Every structure is written in C-alpha cells, then in structure tokens.
Amino acid sequence: MKIKVGFGFDVHQLKEGHPFVLGGVLLDHHKGAFGHSDADVLAHAICDALLGAANLRDIGHHFKNTDERWKGISSLILLTECVKMISEKGYAINNVDAMLCLEAPKINPHVPKMKLQISRAMGIDVDDISIKATTNETMGFIGREEGVVAYAVCLIQK
Ligand SMILES: Nc1ccn([C@@H]2O[C@H](COP(=O)(O)O)[C@@H](O)[C@H]2O)c(=O)n1
Ligand SMILES: C[C@@]1(CO)OP(=O)(O)OP(=O)(O)OC[C@H]1O
C-alpha cells in the first residue's frame with residue numbers, strides 16, 4: 001500500500017458586507033471573505049492538501065483566478081473536482097484534519113454542518129473529517145479581522 005500526506009494553506013481578505021462562506025456554510029457575520037470564487041478558505045486548503053498529496057500541483061494551477069468559469073463558484077464544486085483528480089490517479093482519501101484561524105465569529109457551533117457539507121462534496125465519511133478553530137489572540141491581520149486563514153492536512157492511499 002502507498003500512503004501519501006498532503007498539506008494545504010489558504011488566506012483571504014475579510015471585507016465589510018461580503019458573504020462569509022466557510023466549509024460550504026454561509027455564516028451570519030458583518031464581514032465576509034473576498035476572492036474570485038466564494039473565497040471559502042477551508043475548502044481551498046483542503047483542495048491544496050489533496051492535490052499536494054497526489055503531487056498534482058495546486059488549486060490555482062487547475063482553477064485560474066482569472067477564469068470567468070470560476071467567478072463566484074462554490075468551492076465545494078472545486079473540492080469535488082480535486083477528489084476526482086486524485087481518484088483518477090488511483091488514490092482514496094483516508095482522512096482530513098483542518099484548522100481555521102479567525103477572530104470571529106465563533107466556529108464551533110457550525111462545525112457539524114461544515115463537516116457534513118465537506119463530506120458530501122468529497123464523498124467520504126463525516127467521521128474522517130476534522131475541523132478545528134482558533135483565534136489569533138487579537139494579534140496581527142487575523143486579530144484585526146482583516147483576514148481569515150485555513151490549514152489542512154490529508155492522508156491518501158492506494
Ligand atoms: N473563531 C473561533 C475561534 C475559536 N473557537 C473556539 O474557541 C476555542 C478557544 O480559542 P482561542 O483562540 O482563544 O484559544 C478554540 O479552541 C475553539 O474551540 C471558535 O469556535 N471559533
Ligand atoms: C479558487 C480560485 C479560483 O476561483 O480563486 P480564489 O477564490 O481567488 O481563491 P485563491 O485561494 O486565491 O486562488 C485559487 C483559485 O483557484
């Protein structure tokens with residue numbers, strides 16, 4: 001059996017009045033993430049972890065942020081596409097572990113729904129997805145609520 005690990009990171013600016021989508025869940029917050037797609041940093045970090053594990057470059061290589069096809073797209077669709085790419089190389093997903101870093105809102109109440117959305121998009125068990133959150137203790141751009149960050153690792157095997 002071949003086992004591979006992948007790591008992903010993403011960051012997006014937070015702007016007043018923008019929708020805030022994380023893990024496919026629309027959060028009720030005065031600020032939201034700004035990007036070419038729906039700017040879902042959690043989905044993007046998982047995409048990069050999957051692609052990295054299978055040595056398939058990165059999200060921007062496959063989905064250019066100048067391509068009109070991806071403007072405003074739900075990143076869950078991009079996540080499903082990344083799963084297809086690694087499946088075509090013969091890999092199955094073992095598990096995903098992710099970390100969100102943002103000052104507000106509180107993420108814990110939304111974790112079950114995020115896990116469900118991501119499990120559906122990836123076609124894996126909800127129990128094989130872990131989502132955690134931390135603040136940046138008011139420091140730096142995260143502490144000033146200027147941006148949101150996500151990290152993810154995943155294990156794939158064939
Ligand atoms: N946006 C966030 C940030 C944190 N949490 C939860 O609160 C716990 C304590 O966070 P600290 O940054 O103060 O260590 C953290 O372990 C998470 O459970 C959250 O839900 N949403
Ligand atoms: C998702 C893509 C494509 O729409 O764009 P963004 O939403 O701007 O996100 P980013 O993480 O900056 O780049 C990856 C791109 O593939």
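All ligand and atom numbering here is 1-based and tracks the order in the structure. The structure presented is a predicted model; accordingly, all values stated were derived computationally and were not measured.
- Remark: among candidates Gln13, Arg69, His44, Lys71, the nearest residue to atom 9 (O) of ligand 2 is His44, based on non-hydrogen atoms.
- Phe63 and Trp70 have perpendicular rings, their planes meeting at more than 60° on a 0 to 90° scale where under 30° would count as parallel.
- Using a 4.0 Å cut-off to heavy atoms of Gly60, the atoms of ligand 2 that qualify are 16 (O).
- Closest to atom 7 (O) of ligand 2 by heavy atom, among Cys47, Ala150, Ser37, Ala43, is Ser37.
- Of all atoms in ligand 2, numbered sequentially from 1 with element shown, those under 4.0 Å from a heavy atom of Ile59 are 14 (C), 16 (O).
- Side-chain contact between Met85 and His62: present, with at least one pair of heavy atoms (C-beta onward) separated by less than 4.5 Å.
- At distances below 3.5 Å, not a single donor-acceptor pair connects side-chain atoms of His18 with backbone N or O atoms of Gly32.
- Taking each heavy atom of Ala104 and Glu145 in turn, the nearest pair found is CB-OE1, 4.0 Å.
- Looking only at protein heavy atoms, the nearest one to atom 5 (O) of ligand 2 is Asn65 CB, 3.6 Å.
- Within the 4.5 Å cutoff, no side-chain heavy atoms of Phe141 are placed close to those of Asn136.
- Counted by atom type alone, His44 and Ser37 present one or more donor-acceptor pairs between their side chains at under 3.5 Å.
- Those atoms of ligand 2 that come under 4.0 Å of a heavy atom in Asp10, given as number and element, are 11 (O).
- Note on Lys71 versus Glu68: no salt bridge recorded, every NZ/NE/NH1/NH2 to OD/OE distance being 4.0 Å or above.
- Between the side chains of Asp40 and Ser75, not a single donor N or O lies within less than 3.5 Å of an accepting N or O.
- For ligand 1, residues of the protein lying within 4.0 angstrom by heavy-atom distance are Leu102, Pro105, Lys106, Ile107, Asn108, Ala133, Thr134, Thr135, Glu137.
- No part of His62 comes within 4.0 Å of ligand 2, judged by heavy-atom distances.
- Residue His36 has at least one N or O atom closer than 3.5 Å to an N or O atom of ligand 2.
- The nearest protein heavy atom to atom 13 (O) of ligand 2 is not closer than 4.0 Å.
- Which parts of ligand 2 touch Trp70 is read off a 4.0 Å heavy-atom cut-off, strictly below it: atoms 4 (O).
- Annotation: side chain of Leu102 is not in contact with side chain of Thr135 (no heavy-atom distance under 4.5 Å).
- With Phe34, Phe63, Phe9 as candidates, the residue nearest to atom 3 (C) of ligand 2 on a non-hydrogen basis is Phe63.
- In this structure, CG on Leu22 lies 5.0 Å from CG on Leu27, to the nearest 0.5 angstrom.
- In the model, Asp10 has a side-chain atom that pairs as donor or acceptor with a side-chain atom of His12 under 3.5 Å.
- Atom numbering of ligand 2 starts at 1 in the shown order; those under 4.0 Å from a heavy atom of His12 are 6 (P), 7 (O), 8 (O), 9 (O), 10 (P), 11 (O), 12 (O).
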Residues His30, Glu16; criterion side chain to side chain donor-acceptor pair (under 3.5 Å); working and verdict:
CA-CA 6 Å; His30 64 104; Glu16 219 47 72; 2.9 Å; yes
